[in-house]
Amino acid sequence: MDLRKIPAVVGGSQADRRGVVLAKSIPCKNYGIKTGEPLAKAKEKCPGLVIVPPNYPLYMKCHKALMDILREYSPLVQSFSIDEAFLDYTGMEEHFGPCLKGATLIKNRIREELGFTVNIGISTNKLLAKMASDFTKPDRVHTLFPQEIPSKLWPLPVERLFMVGRATKAKLNELGIFTIGDLANYNRELLGWKLKSHGLLIHDYANGIENSPVLPNDNIQMKGMGNSTTIKFDVDNKKDAHKVLLSLAETVAARLRNEGYKCGVVSVSIKTHEFLRYSHQRKLAAPTDNTNELYEIATQLFDEAWNGEPICHLGIHVSHLYPREFTQYTLFDNVKKGAMLSSLDRAVDNIRKKYGGHSIFRATYLYSGMSPMAGGVGTEDYAVMGNIL
DNA sequence: TCTGGGGTCCTAGGACCC
DNA sequence: TCTGGGGTCCTAGGACCC
């Protein structure tokens with residue numbers, strides 16, 4: 001049975017309280033199932049819904065294979081997410097023909113060699129190409145050239161525009177803006193006054209104005225990173241919370257070291273049983289990439305912030321990233337202790353690299369029912385830029 | 001109905017400095 | 001005694017993306 005042809009979703013485990021729709025087949029659209037909504041709600045909309053668990057290693061493999069094919073058609077390829085990429089076709093016509101022909105070639109090759117279908121959008125900038133790629137699916141090539149904007153883009157509901165989410169849709173509707181065309185032809189100054197810079201941005205987008213370059217991912221500087229986890233049970237005491245934070249610190253610090261960064265700011269986020277979120281952050285006296293230090297800071301932040309309610313989700317996020325070799329010591333650093341801790345980190349990293357992520361872990365997690373390295377969706381880091389073209 | 005996890009950017013208010 | 005104005009940094013929270 002082909003999951004793509006029946007109502008089917010990839011979803012997290014409801015027992016682990018991760019039961020949301022992560023991806024959906026095209027037939028799900030008819031039932032009004034939306035990505036990100038609870039599985040229980042999706043099942044209600046479609047009683048026969050088939051739910052399969054995610055397989056991130058497979059998605060990463062497909063992602064890499066896709067990128068390899070795309071790079072055969074241009075040196076300028078930017079991976080935008082696990083399943084989207086931008087390709088600058090400038091100058092490639094002489095090798096592979098006009099863009100429409102080239103796109104069809106790429107699309108068919110992916111289908112035949114990788115076994116899945118893609119949509120390709122063609123235009124003069126990334127915004128228009130992306131909007132075009134979201135037109136009818138599957139296995140299609142669409143164009144959205146500037147002269148096609150009024151006929152192809154403007155009739156769409158405004159929330160279909162990139163960067164118009166739930167909150168902005170509500171505000172725009174309030175202003176009498178319901179289609180992308182309404183937005184494009186709305187008074188720009190007034191929109192800037194009502195919605196600040198975001199108003200000006202989406203006004204540009206509605207008019208097809210966008211000029212960011214296709215940037216290969218190794219030229220993109222990471223701004224921050226973090227890991228968070230939904231806990232199987234509500235945590236109501238510091239000891240358990242600290243244990244979760246330790247497992248998150250393990251993951252985040254290992255990623256920092258793996259990417260060659262130290263962080264200057266640490267943030268802890270808390271989501272309560274009632275789904276209220278709050279966070280607490282601090283700039284460090286000296287940047288760090290050390291697991292124990294990150295753990296100590298995170299527990300301090302947690303203790304300062306926690307109001308005592310049951311917790312269902314915890315996260316550690318680091319930012320102000322500096323290349324490891326540029327970092328400085330403060331006057332108060334214990335240099336010798338720092339060197340010992342960092343060589344301990346190195347040793348653990350090497351063991352995990354050689355024998356696998358779970359080959360060495362802290363005894364506190366034995367029989368704890370908790371993962372010693374929490375957070376993460378896949379096993380490998382890959383550069384993504386969620387909402388920046 | 002019972003709600004993932006990874007990111008980026010913007011805004012606002014307060015502290016602090018000149 | 002009571003009062004400027006501008007700039008930067010820090011923190012918290014919210015918006016958006018996949």
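Just so we're on the same page: letters track the sequence lines, and every chain starts at 1.
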Exercise. Contact class for A:Val265 vs. all strands (heavy atom < 4.0 Å): base, sugar-phosphate, or nothing?
Worked result: nothing
For this session: Would you mind building the protein contact string for nucleotides 11-17 of chain B? One character per nucleotide, 5' to 3', B for base within reach (heavy atoms under 4.0 Å), S for sugar-phosphate only, - for untouched.
Result: SS-----
For this session: Please determine, for the side chain of A:His317, which listed nucleotide (B:dG5, B:dT8, B:dT3) has the closest atom?
Result: B:dT8
For this session: Counting heavy atoms from C-beta on, name the nucleotide in C:dC10, B:dT3, B:dT8 closest to the side chain of A:Lys283.
Result: C:dC10
Problem set entry | A:Lys223 side-chain proximity, nearest of B:dG4, B:dT1, B:dT8 | B:dT8
Problem set entry | Intra- and interstrand pairs of DNA chain C - dot-bracket, Watson-Crick/G-U under 3.5 Å, | marks other strand | ....||||||||||||||
Problem set entry | Whole angstrom value for the distance that separates C1' of B:dG5 from CZ of A:Arg17 | 15 Å
Problem set entry | Whole-Å C1' distance, C:dG4 and B:dC17 | 14 Å
Exercise. Do A:Asn227 and A:His317 have a side chain donor and acceptor closer than 3.5 Å?
Worked result: no
Exercise. Which of the following nucleotides, B:dG4, B:dG6, B:dC2, is nearest to the side chain of A:Ser228?
Worked result: B:dG6
Exercise. Can you find a pair of side-chain heavy atoms, one from A:Leu3 and one from A:Ser25, that are under 4.5 Å apart?
Worked result: no
Exercise. At under 4.0 Å between heavy atoms, what does A:Gly11 touch on the DNA or RNA strands: base, sugar-phosphate, or nothing?
Worked result: nothing
For this session: Please check if any side-chain donor atom of A:His313 sits under 3.5 Å from a side-chain acceptor atom of A:Thr230, or the reverse.
Result: yes
Exercise. Counting just side-chain N and O atoms, does A:Arg18 come under 4.0 Å of either OP1 or OP2 of B:dT3?
Worked result: no
Problem set entry | Selection from C:dC18, B:dT1, B:dG5 that lies nearest to any side-chain heavy atom of A:Phe162 | C:dC18
Problem set entry | Test applied, side-chain contact (heavy atoms from CB on, under 4.5 Å); reference residue, A:Tyr205; option that passes from A:Leu153, A:Leu161, A:Leu128 | A:Leu161
For this session: Describe, in one word, how the ring planes of A:Phe96 and A:Tyr89 are oriented to each other, choosing from parallel (under 30°), tilted (30 to 60°) and perpendicular (over 60°).
Result: tilted
